[in-house]
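I have placed the structure first, in the form of structure tokens, so that the comments after it can refer back to it.
We use all heavy atoms of the structure for the numbers below, so side chains are in, but hydrogens, waters and symmetry mates are not.
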Amino acid sequence: MPDTASRALTLRSLHKSFGSGAAAVDNVSLRIEEGEFFSLLGPSGCGKTTTLRMIAGFEAPDSGEIRLGAQNITALPPERRDMGMVFQNYALFPHRTIAENVAFGLRMRRVPKPELATRVREALALVRLTGFEDRRPAQLSGGQQQRVALARAIVINPTVLLCDEPLGALDKKLRQQMQFELKTLHRRLGLTMIYVTHDQEEALTMSDRIAVMRAGKVAQCGGPREIYDRPVDRFVADFIGDTNILDGEAVGAALAMPGGWRLPLPEARHGRASVALRPERVRLCPPGAGLVDATIEEANFLGDSVLLKLSLPGEQGMLARVPRHAEAGLLEPGATLGLTWQADDPVMLADA
């Protein structure tokens with residue numbers, strides 16, 4: 001029976017190809033809960049924007065369906081899907097005032113003038129642009145223009161807000177500020193937000209859940225901590241932040257590594273195996289006191305921490321991120337030290 005009470009967005013076996021090449025979106029199925037901040041994350045060409053455009057109604061799937069609650073919206077035009085859209089390039093009308101830009105969707109819906117003026121005023125207040133009504137887009141900063149685009153999207157009271165890399169054109173500090181504002185706006189309005197980005201940090205910071213996409217498919221879907229701490233395969237582990245991927249021959253609960261050392265495994269395996277180990281999980285100790293000794297090749301000061309590039313036996317490399325107070329003049333290129341970590345820190349990967 002369909003869930004008539006929920007306004008969850010459900011994608012079922014979506015497929016989309018362009019021309020004779022590989023599928024842009026290949027059998028994608030997702031359920032995005034009502035009120036959830038959900039990110040589609042992946043490199044260029046992975047299918048995340050095509051998926052968003054099918055949700056918005058700008059692209060028609062070759063097969064599969066899209067449902068909003070109990071309603072099948074697969075064939076509905078964009079203006080009938082109860083969704084707002086925020087683009088990376090803002091798409092503001094340069095010759096119109098800020099108030100006129102925000103009011104555009106309401107005018108298309110023939111909202112009466114008194115109500116229109118009230119809703120525009122409320123939307124601009126939500127994005128902290130009260131008093132900017134009569135300015136033109138060229139008179140605003142990039143961050144202010146992005147807030148106008150947000151106001152224009154939310155003024156129509158959509159059930160779902162779609163964001164296609166909306167912060168990609170902003171510098172780092174402004175992007176961080178806008179991340180906070182988007183999260184606050186999401187919490188206040190209770191909207192379902194679907195957010196496309198290639199920025200792993202942005203997705204981890206803002207999302208309730210993340211779908212990591214690769215070659216048109218969903219490689220892994222889960223909460224930020226799950227995606228970061230327990231990647232399912234080499235692609236996800238390597239794409240999300242810095243990581244060490246170590247390959248060897250599993251013999252029971254240990255991985256026999258090149259160079260003759262053994263890496264304890266969280267579970268027994270046999271044959272070729274790979275594990276992912278985050279740099280911040282690596283701990284330093286005196287030579288001979290850890291699981292393996294390593295030589296420092298480079299030490300990069302990062303402010304609150306130091307990132308070490310290490311050389312292991314068997315010509316393998318490893319990264320270790322340690323607190324800056326661990327430096328103590330000892331973390332110099334050429335120095336030898338021991339490395340250790342907790343038994344459950346390495347994560348077994350599906351593709352050895």
Side-chain angles (χ1 to χ4, degrees), residues 24-26 28 30 32 36-53 55 86-88 143 146 161-184 186 193-246 274-282 300 302-309 317-322 345-351:
V25 174
D26 188 2
V28 166
L30 292 167
I32 300 163
E36 189 172 26
F37 196 123
F38 190 95
S39 288
L40 298 170
L41 172 67
S44 297
C46 71
K48 58 188 185 295
T49 294
T50 301
T51 300
L52 193 78
R53 289 178 62 82
I55 294 170
V86 183
F87 300 93
Q88 181 177 344
Q146 187 57 277
L161 182 61
L162 308 174
C163 300
D164 188 7
E165 305 209 41
L167 309 184
L170 304 180
D171 63 47
K172 183 175 181 180
K173 248 189 168 178
L174 189 53
R175 189 163 65 244
Q176 188 178 66
Q177 177 187 332
M178 286 299 299
Q179 288 171 8
F180 282 117
E181 293 193 12
L182 273 172
K183 287 185 72 173
T184 300
H186 171 251
M193 290 187 68
I194 305 176
Y195 193 94
V196 162
T197 182
H198 65 272
D199 188 318
Q200 306 97 315
E201 182 179 315
E202 192 166 85
L204 292 171
T205 299
M206 301 175 69
S207 311
D208 296 319
R209 283 192 304 144
I210 302 166
V212 183
M213 296 191 68
R214 178 192 186 191
K217 295 179 178 292
V218 175
Q220 185 173 359
C221 184
R225 290 182 182 275
E226 177 188 350
I227 295 287
Y228 186 83
D229 290 336
R230 291 288 179 260
V232 295
D233 61 22
R234 184 182 296 261
F235 170 77
V236 176
D238 193 46
F239 186 74
I240 305 293
D242 293 327
T243 196
N244 299 295
I245 298 180
L246 303 169
S274 301
V275 299
L277 178 65
R278 294 293 182 188
E280 65 271 19
R281 300 288 189 177
V282 179
N300 292 348
L302 302 178
D304 62 339
S305 62
V306 179
L307 185 64
L308 302 177
K309 182 182 179 185
M318 180 178 282
L319 296 176
R321 188 188 300 271
V322 298
D345 285 340
V347 178
M348 300 294 301
L349 300 178
D351 46 354

To the nearest 0.5 Å, what is the distance between [atom1] ([X]) and [atom2] ([Y])?
{"X": "H186", "Y": "C163", "atom1": "NE2", "atom2": "SG", "value": "10.0 Å"}
{"X": "L182", "Y": "M193", "atom1": "CG", "atom2": "CE", "value": "5.0 Å"}
{"X": "L204", "Y": "I240", "atom1": "CG", "atom2": "CD1", "value": "5.5 Å"}
{"X": "I227", "Y": "C221", "atom1": "CD1", "atom2": "SG", "value": "6.5 Å"}
{"X": "L162", "Y": "L52", "atom1": "CG", "atom2": "CG", "value": "5.0 Å"}
{"X": "F239", "Y": "H198", "atom1": "CZ", "atom2": "NE2", "value": "8.0 Å"}

Heavy-atom closest pair, residues [X] and [Y]:
{"X": "P224", "Y": "D208", "result": "CD-O, 3.4 Å"}
{"X": "L349", "Y": "P231", "result": "CD2-O, 3.8 Å"}
{"X": "P346", "Y": "L277", "result": "N-CD1, 4.0 Å"}

Do the non-hydrogen side-chain atoms of S39 and M206 ever get within less than 4.5 Å of each other? no
Is the closest side-chain heavy-atom distance between T243 and V347 below 4.5 Å? no
Check this for me: does any side-chain nitrogen of one of D199 and K172 sit under 4.0 Å from a carboxylate oxygen of the other? no
Would you tell me whether Q179 and T205 have side-chain atoms, one donor and one acceptor, within less than 3.5 Å of each other? no
Assess whether side-chain contact (heavy atoms from CB on, under 4.5 Å) is satisfied between V306 and R321, documenting all intermediate values. CA-CA 6 Å; V306 179; R321 188 188 300 271; over 6 Å; no
List the steps and the verdict of side-chain contact (heavy atoms from CB on, under 4.5 Å) for V282 and L308. CA-CA 10 Å; V282 179; L308 302 177; over 6 Å; no
Keeping the roles fixed (side chain from [X], backbone from [Y]), state whether a donor-acceptor pair exists under 3.5 Å.
{"X": "Q220", "Y": "R230", "value": "yes"}
{"X": "R278", "Y": "N244", "value": "no"}
{"X": "K48", "Y": "V212", "value": "no"}

Can you list the steps and then say if M213 with V28 is a side-chain contact (heavy atoms from CB on, under 4.5 Å)? CA-CA 10 Å; M213 296 191 68; V28 166; 4.0 Å; yes
Mark yes when over 12 heavy atoms from residues, nucleotides or ligands other than E226 sit less than 6.0 Å from its CD; otherwise mark no. yes
Pair Q200-I210, side-chain contact (heavy atoms from CB on, under 4.5 Å): steps then yes or no: CA-CA 10 Å; Q200 306 97 315; I210 302 166; over 6 Å; no
Fit a plane to each ring of F37 and Y195, take the angle between them on a 0 to 90° scale, and name the class: parallel (under 30°), tilted (30 to 60°) or perpendicular (over 60°). tilted
